[in-house]
Amino acid sequence: MLDIKLIREHSPRVKDSLASRGAGDDLKVDELLELDARRRSLLAEVETSRAKRNQESKAIGSLLKEKRHEEAEQLKREMRSLGEKIADLEARLTGLKATEDELMLTIPNLPHESVARGASTEDNPLIREWGEQRSHDFPLEDHLTLCERLKLVDFVRGAKLAGSGFPLYTGWGARLERALIQYMLQLHTSEHRYVEVSPPFVVTRDCMEGVGQFPKFVDQAYAVQEGEDAETLGKLWLVPTAEAPVANIHREEILPYEALPIRYCAYSPCFRAEAGAAGVGTRGMIRMHQFDKVELIKVVAPEESYEELESMVQDAERVLKRLELRYRVIMLCTGDLGFGSAKTYDIEVWAPGQGDWLEVSSCSNCEDFQARRMALRYKAPDKQNRFPHLLNGSGTALARLFVALVETHQQPDGSILIPEALRSSLQADRLTSD
RNA sequence: GGAAGGGUGGCUGAGUUGGUUUAAAGCACCUGAUUCGAAAUCAGGCGUACGCUACAAACGUGCCGCGGGUUCGAAUCCCGCCCCUUCCGCCA
């Protein structure tokens, strides 16, 4: 959520910034300002009337104490009609407020000034690239073939259980998945100083709103209900990312300054309905309804957030370096930026079997956008309550990492050589078809 | 799921026959005085959001778990919900 005061006082700048995203959200600003002005004038009216009522009610108390019953009754009658007027005004105010809040929740964050202006993925600047494209002097297999031949994933039976997009990892595939999770958590907790948390895999609507998933992306989420009781439908939602629970851990709190920066890492499965995305480049494990992910979350003082964003990207990159995977880092341009983000770096890993880059991490600084939505604040050294900046990043997403790993490290003999860093948690050096 | 008890400002904790309690008091904290310095003591300050404003002060409004209701007036009465504690039941 943006700061309404910022919108009021610098509407041209806000509009320009929103326009750079290209989604037309700048057009909402005038509507919002108009609503806001009406709301405030109504609020002033309500408050003046309430002040009057408070004052006169006290007077009634005094009159009764002095046994001046008739005067008291007269005043009561007056206050009764004032009360009706207030109720009427309040109802209108509540309506206006609800409309304004709703609109506020649909306005995305403002891109940071350092973000490249652009319209689409085409305009995303390349920041850096790591690793060489290996020359394979044997025919490459893609992950689907590899997974089938080595019995790592059973797509057919996974689909039988839950429909397409729900993988069933089997044997060494399941062990590899688990080893990757273990390896990443280990790296982030012991070398990057994140505190591991293991959150609920369902969250309330408030949490989804807090991180900016709702209202815009409701259609992408799975709602749950208790048994067949439709009353409970939508009370809880499957997490689309561990960001949803973890970023909300301190919602509605005022954190002491010394508590910052807070760095959390968490594993969770991620559930995405992917409505409207089916069929487009979705072969194999590239786009799934369920995938595993290790997520990084930071709560930091505003003045440190961009520094923290850079280090978060490097934390995620280290995962890929250690796994000896070629990758590149790109910056999302204004037109490609996510709803709540002010600046985002994507990390894409090279998948030789696909002949393409796969996004395995997205690291964003949401600044105070989410903190406002979830009423998360910290007590600044000057004693003021301020909104901290929230950052989230994948460190990293598993299914695509799995793909890149098996495709990159496949050997001429049909086996997959496990990179050094992963061997202890996997308890194997090589995956073969035996 | 059932029963009982409880949710008050950073903490402790008064206040529940509705009305000078404008949420007492203490602790903690901040400023000043005293002191060589500190402790102790004394004086003052000290919740939060919003509105109005110069993003000042002052003032106003809301907030005593959340949401409704009764009333001229609700921390206080009524209804619904949430959470916590204890016990019981069920269950991995």
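What you are looking at is a predicted structure, and each value in this text was computed from that prediction instead of being measured.
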Rounded to whole Å, how long is the line connecting atom CG of A:L75 with atom C1' of B:rG19?
13 Å
Please determine, for the side chain of A:N54, which listed nucleotide (B:rU22, B:rG73, B:rG62) has the closest atom?
B:rG62
Distance check needed: B:rU48 C1' versus A:K383 NZ, whole Å only.
16 Å
To the nearest angstrom, the NZ-P distance between A:K85 and B:rC72 comes to 17 Å
Of B:rG60, B:rC72, B:rC52, the nucleotide closest to the side chain of A:R53 is B:rC72
Just how far, in rounded Å, is P of B:rC46 from CD of A:Q384?
15 Å
Nucleotide nearest A:R8 when distance is taken to its side chain, options B:rG51, B:rG19, B:rA49
B:rG51
Output the single nucleotide from B:rC72, B:rC52, B:rU48 whose closest atom is nearest the side chain of A:N385.
B:rU48
In whole angstrom, give the distance that lies between atom CZ of A:F387 and atom P of B:rU48.
13 Å
Stem finding on RNA chain B, please: runs of three or more consecutive Watson-Crick or G-U wobble pairs, both distances under 3.5 Å, sorted by first number.
B:1-7 with B:82-88, B:10-12 with B:25-27, B:29-33 with B:41-45, B:47-51 with B:59-63, B:65-69 with B:77-81
Check if the side chain of A:E47 and the base of B:rG60 share a donor-acceptor pair of N or O atoms closer than 3.5 Å.
yes
Side chain of A:R39, heavy atoms from C-beta onward: which of B:rU61, B:rU48, B:rC50 has the nearest atom to it?
B:rC50
Look at all strands and tell whether A:I60 reaches a base, only sugar-phosphate, or nothing, counting heavy atoms closer than 4.0 Å.
base
Go through B:rC72, B:rG60, B:rU48 for me and flag the one nearest to the A:M79 side chain.
B:rC72
Output the single nucleotide from B:rU48, B:rC72, B:rG51 whose closest atom is nearest the side chain of A:K379.
B:rU48
Hey, does A:A44 reach any base, or is it just sugar-phosphate, or nothing, if we go heavy atoms under 4.0 Å?
nothing
Rounded to the Å, how far apart are A:K5 NZ and B:rC55 P?
9 Å
Side chains of A:S57 and A:K76: any donor to acceptor distance under 3.5 Å?
no
Relative to the 5' end of RNA chain B, which residue comes earlier, A:K235 or A:E56, by the nucleotide with the nearest heavy atom?
A:E56
Proximal nucleotide (of B:rG51, B:rC72, B:rG62) relative to the A:R50 side chain
B:rG62
Nearest whole angstrom, please: distance from the P of B:rU21 to the NZ of A:K58.
10 Å
Roughly, in whole Å, what's the span from CD in A:E226 to C1' in B:rG1?
12 Å
Please work out if A:L82 contacts a base, only the sugar-phosphate, or nothing of the nucleic acid, heavy-atom cut-off 4.0 Å.
nothing
Measuring from the side chain of A:S57 (C-beta onward, heavy atoms only), which nucleotide among B:rG60, B:rC72, B:rU48 has the closest atom?
B:rC72
